[in-house]
Amino acid sequence: NIPSLRKRAAFAGSALPPGDRLQTFAVRGSIGITPGNIGLAASSLRFDDISGSGRLNVATAGARPNITGALDLPNLDVTPYLPEQTSGSDAEAGNAGIPPWSEDEIDLAGLNLVDAELDLNVGLFEYGDIDIETVRLDVTLDRGRLVANLSNFQLYQGTGSVRIVANNRRATPSYSVTAQLSDLDALPFLQAAAGFERLSGTGGIALDLQASGASQAAIMQSLSGNGNFGFNDGAIVGINLAETIRNVNSFCFIFISKD
């Protein structure tokens, strides 16, 4: 049981970035230790508010610790670990509905602390307002390059797969996202992902994006790639399209008649 990861890290000379997370860690299970290797079979574990079970093996003989294993988590909410949103005053200064992208440097130093190969099975994955069910996540971290593959998850009545890469091997970090989402219920998905509440139907999305930069602003300025989407049985919520078309036709008829 570690009641304060931050105090322990500071004592070891590796202070964690500021924040109110990365605080507590507790585990119950069996442990085996041999020279250069630590094995853990956890019947229960808790990291902050995340709980579950699994097995981990830590090899300490290399240039950095190498962690392998598998975790089963009923719920994984990463929202508290996301960067804070820009304040309302900053958004008003940008004179737009979307706040300006932050110029603050994103700290990816943690990617270079360990190597890892982890399999995660998550019942419910929460990212902001987006909920994803039945997630299989394979994570590989190798010399500062993180690759995360989410396969065959369920999302708003549809299915999807996503591959995310964050590479901190060079002075300027780089990123890529490849995603395939199909048969989504568009209205709740767009509400959660973008706050858009005017489009309903069944949709699919494909993305292949790349970017680089040390801040949100730099990443968005360098963003490139392609994507496509399609919707079936689509409707604009709150608008009667048939009535709108009739009104337009009536207006055109009156206008033509006057001429």
Side-chain angles (χ1 to χ4, degrees), residues 4-7 9-10 12-23 47-50 64 76-116 125-132 137 139-150 155 160 162-179 181 189-197 205-229:
S4 177
L5 287 171
R6 293 187 171 276
K7 290 182 179 179
S14 301
L16 296 172
D20 59 359
R21 291 291 166 172
L22 305 175
Q23 295 285 357
F47 172 67
D48 288 342
D49 295 327
I50 301 169
R64 62 187 63 81
L76 176 58
D77 184 1
V78 300
T79 307
Y81 304 94
L82 299 177
E84 294 184 2
Q85 297 293 323
T86 307
S87 64
S89 59
D90 291 338
E92 293 174 1
N95 196 28
I98 300 176
W101 300 107
S102 173
E103 299 279 356
D104 295 339
E105 183 175 347
I106 300 173
D107 187 1
L108 296 181
L111 297 183
N112 297 88
L113 296 178
V114 300
D115 292 337
F125 179 83
E126 299 177 73
Y127 180 94
D129 293 327
I130 299 176
D131 296 339
I132 306 174
L137 175 62
V139 177
T140 300
L141 178 56
D142 179 27
R143 295 174 292 124
R145 183 175 185 267
L146 174 70
V147 179
N149 289 298
L150 290 83
L155 176 69
V162 177
R163 175 183 171 89
I164 301 172
V165 178
N167 189 351
N168 196 42
R169 290 178 179 174
R170 298 182 178 180
T172 301
S174 61
Y175 310 86
S176 67
V177 176
T178 305
L181 309 175
F189 172 71
L190 291 174
Q191 284 176 329
F196 188 72
E197 302 177 348
I205 301 173
L207 296 174
D208 186 5
L209 305 175
Q210 301 83 38
S212 62
S215 68
Q216 289 182 356
I219 291 170
M220 296 309 297
Q221 290 169 3
S222 69
L223 188 63
S224 64
N226 58 75
N228 59 73
F229 67 92

Working note: L209 + L223, criterion side chain to side chain contact (heavy atoms under 4.5 Å, CB included); need CA distance, chi angles, decisive distance, verdict. CA-CA 7 Å; L209 305 175; L223 188 63; 4.1 Å; yes
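Every residue two or more places apart in sequence or in another chain that forms a side-chain hydrogen bond (donor to acceptor under 3.5 Å, both in side chains) with D208 is listed here: Q210. Not a single side-chain hydrogen bond (donor to acceptor under 3.5 Å, both in side chains) links Q221 to another residue, sequence neighbours left out. In this structure, the side-chain hydrogen bond (donor to acceptor under 3.5 Å, both in side chains) partners of R169, at least two apart in sequence or on a different chain, are D142.
The CG atom of L111 sits 5.5 Å away from atom CG of L141, with the distance rounded to the nearest 0.5 Å. Rounding to the nearest 0.5 Å places CG of D48 at 11.0 Å from CG of D77. In this structure, CZ on F47 lies 10.5 Å from CG on L76, to the nearest 0.5 angstrom. Atoms CG and CD1, from L146 and I164 in turn, are 8.5 Å apart once rounded to the nearest 0.5 Å.
Across all non-hydrogen atoms, the minimal contact from G213 to A218 is CA-CB, 3.8 Å. The two residues Y175 and A166 come nearest to each other via the heavy atoms CD2-CB, 3.9 Å. In terms of heavy-atom proximity, S212 sits nearest to S222 at O-OG, 2.7 Å.
Checked against D115 for a salt bridge (Lys or Arg N to Asp or Glu O under 4.0 Å), the options R64, R145, R143 give a single hit: R64.
In this structure the side chain of F229 never reaches within 4.5 angstrom of the side chain of L181, judged on heavy atoms.
No donor-acceptor pair under 3.5 Å is formed between the side chain of T178 and the backbone N or O of R163. The backbone N or O of L108 lies less than 3.5 Å from a partner atom in the side chain of N168, making a donor-acceptor pair.
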